[in-house]
Amino acid sequence: MSTALNELQAVIADYFEALYRCDTDLLEKVFHPKAVYATADEAPLLHRTMEAYVPVVAARQSPASRGEVRTDAIDEIQLAGANTAFARVRCSIGDNDFVDFLTFVRDGGRWQIMAKIFQIIPRQSGSI
């Protein structure tokens with residue numbers, strides 16, 4: 001199981017890096033092509049496919065280019081078996097702090113994010 005945890009931590013590190021740099025190649029590596037991106041913080045509920053999500057990230061000014069301090073954190077990782085996992089992670093982008101629930105699948109021998117459901121958290125004391 002520790003190998004799976006190490007692999008998942010590496011994918012999550014790449015996920016954080018992709019968001020921080022708006023690196024769409026890396027983003028497409030960590031997300032499964034059929035992944036779902038959603039939040040109930042918008043009305044109506046926001047739901048995107050990877051085909052719709054990747055261009056949104058590509059159009060952003062990256063947090064790295066603005067010199068933002070990274071606040072990435074992994075709160076927990078749970079394994080449901082050899083091919084399914086869940087992680088609760090936190091990060092900040094611009095004026096927003098996020099809690100992301102990431103569901104992973106192991107497909108073709110590698111872990112990828114299959115679903116990202118996130119919540120925007122009101123900023124308190126400048127960090128999450």
With a 3.5 Å cut-off and sequence neighbours excluded, list the donor-acceptor pairs that the side chains of residues 107-117 form with protein atoms.
| from | atom 1 | to | atom 2 | distance (Å) |
| --- | --- | --- | --- | --- |
| Asp107 | OD2 | His32 | NE2 | 3.1 |
| Arg110 | NH1 | Lys29 | O | 3.2 |
| Trp111 | NE1 | Glu7 | OE1 | 3.1 |
| Gln112 | NE2 | Lys29 | O | 3.2 |
| Gln112 | NE2 | Phe31 | O | 3.3 |
| Lys116 | NZ | Tyr15 | OH | 2.9 |
| Lys116 | NZ | Tyr53 | OH | 3.4 |

key: side chain to side chain donor-acceptor pair (under 3.5 Å) involving Arg88 - partner list, sequence neighbours excluded   = Asp75

query = Are Arg66 and Ile93 close enough, and set up right, to give a side chain to side chain contact (heavy atoms under 4.5 Å, CB included), and what steps lead you there?
reply = CA-CA 10 Å; Arg66 294 190 301 259; Ile93 299 173; 4.2 Å; yes

key: Close side-chain approach of Arg60 to Leu19, heavy-atom, < 4.5 Å   = yes

remark   = Taking every heavy atom of Cys91 against every heavy atom of Phe16, the minimum-distance pair comes out as CB-CE2, 4.1 Å

ask   = Do the side chains of Tyr37 and Thr49 get nearer than 4.5 Å, heavy atoms only?
value = no

ask   = With sequence neighbours excluded, what pairs up with Thr84 under the side-chain contact (heavy atoms from CB on, under 4.5 Å) test?
value = Ala80

ask   = Do Lys34 and Glu51 pass the salt bridge (Lys or Arg N to Asp or Glu O under 4.0 Å) test, and can you show the C-alpha distance, the side-chain angles, and the key distance before you say yes or no?
value = CA-CA 9 Å; Lys34 296 182 179 181; Glu51 188 176 293; over 6 Å; no

ask   = Is there a donor-acceptor pair under 3.5 Å between the side chain of Asp100 and the backbone N or O of Leu102?
value = no

remark   = Sorted by chain and residue number, the side-chain contact (heavy atoms from CB on, under 4.5 Å) partners of Asp41 (sequence neighbours excluded) come out as Thr39, Gln119, Ile120

ask   = Taking only residues two or more places apart in sequence or in another chain, which ones pass side chain to side chain donor-acceptor pair (under 3.5 Å) with Ser62?
value = Ser65

request  = Validate the cation-pi geometry between Arg90 and Phe98: distance from NZ or CZ to the six-membered ring centre under 6.0 Å, angle to the ring axis within 45°.
outcome  = no

ask   = Do you know the tightest heavy-atom contact between Leu8 and Ala85?
value = CD1-CB, 3.6 Å

key: Residues Phe104, Val11; criterion side chain to side chain contact (heavy atoms under 4.5 Å, CB included); working and verdict   = CA-CA 10 Å; Phe104 293 84; Val11 173; 3.7 Å; yes

ask   = Taking atom CD1 of Ile12 and atom CG of Asp72, what is their separation to the nearest 0.5 Å?
value = 10.5 Å

inquiry  = Rounded at 0.5 Å granularity, tell me how far CD in Gln78 sits from CG in Leu5.
reply    = 11.0 Å

request  = Any chance you could measure Arg106, atom CZ, to Leu79, atom CG, to the nearest 0.5 Å?
outcome  = 10.5 Å

request  = Determine whether Met50 and Pro33 make a side-chain contact, defined as any pair of heavy atoms from C-beta on separated by less than 4.5 Å.
outcome  = no

ask   = How is the hydrophobic cluster of Leu26 composed, in terms of its other members, when Ile, Leu, Val, Met, Phe, Trp and Tyr link through side-chain heavy atoms under 4.5 Å apart, directly or indirectly?
value = none

message = Give me the atom names and distance for the closest heavy-atom approach of Glu68 to Ser92.
response = OE1-O, 4.3 Å

query = In terms of hydrophobic clusters joined by side-chain contacts under 4.5 Å, are Val105 and Val36 together?
reply = no

remark   = Smallest heavy-atom separation, Ala87 atom then Ile77 atom, equals CB-CG1, 4.1 Å

query = Can we call the ring centroids of Phe101 and Phe86 under 6.0 Å apart?
reply = yes

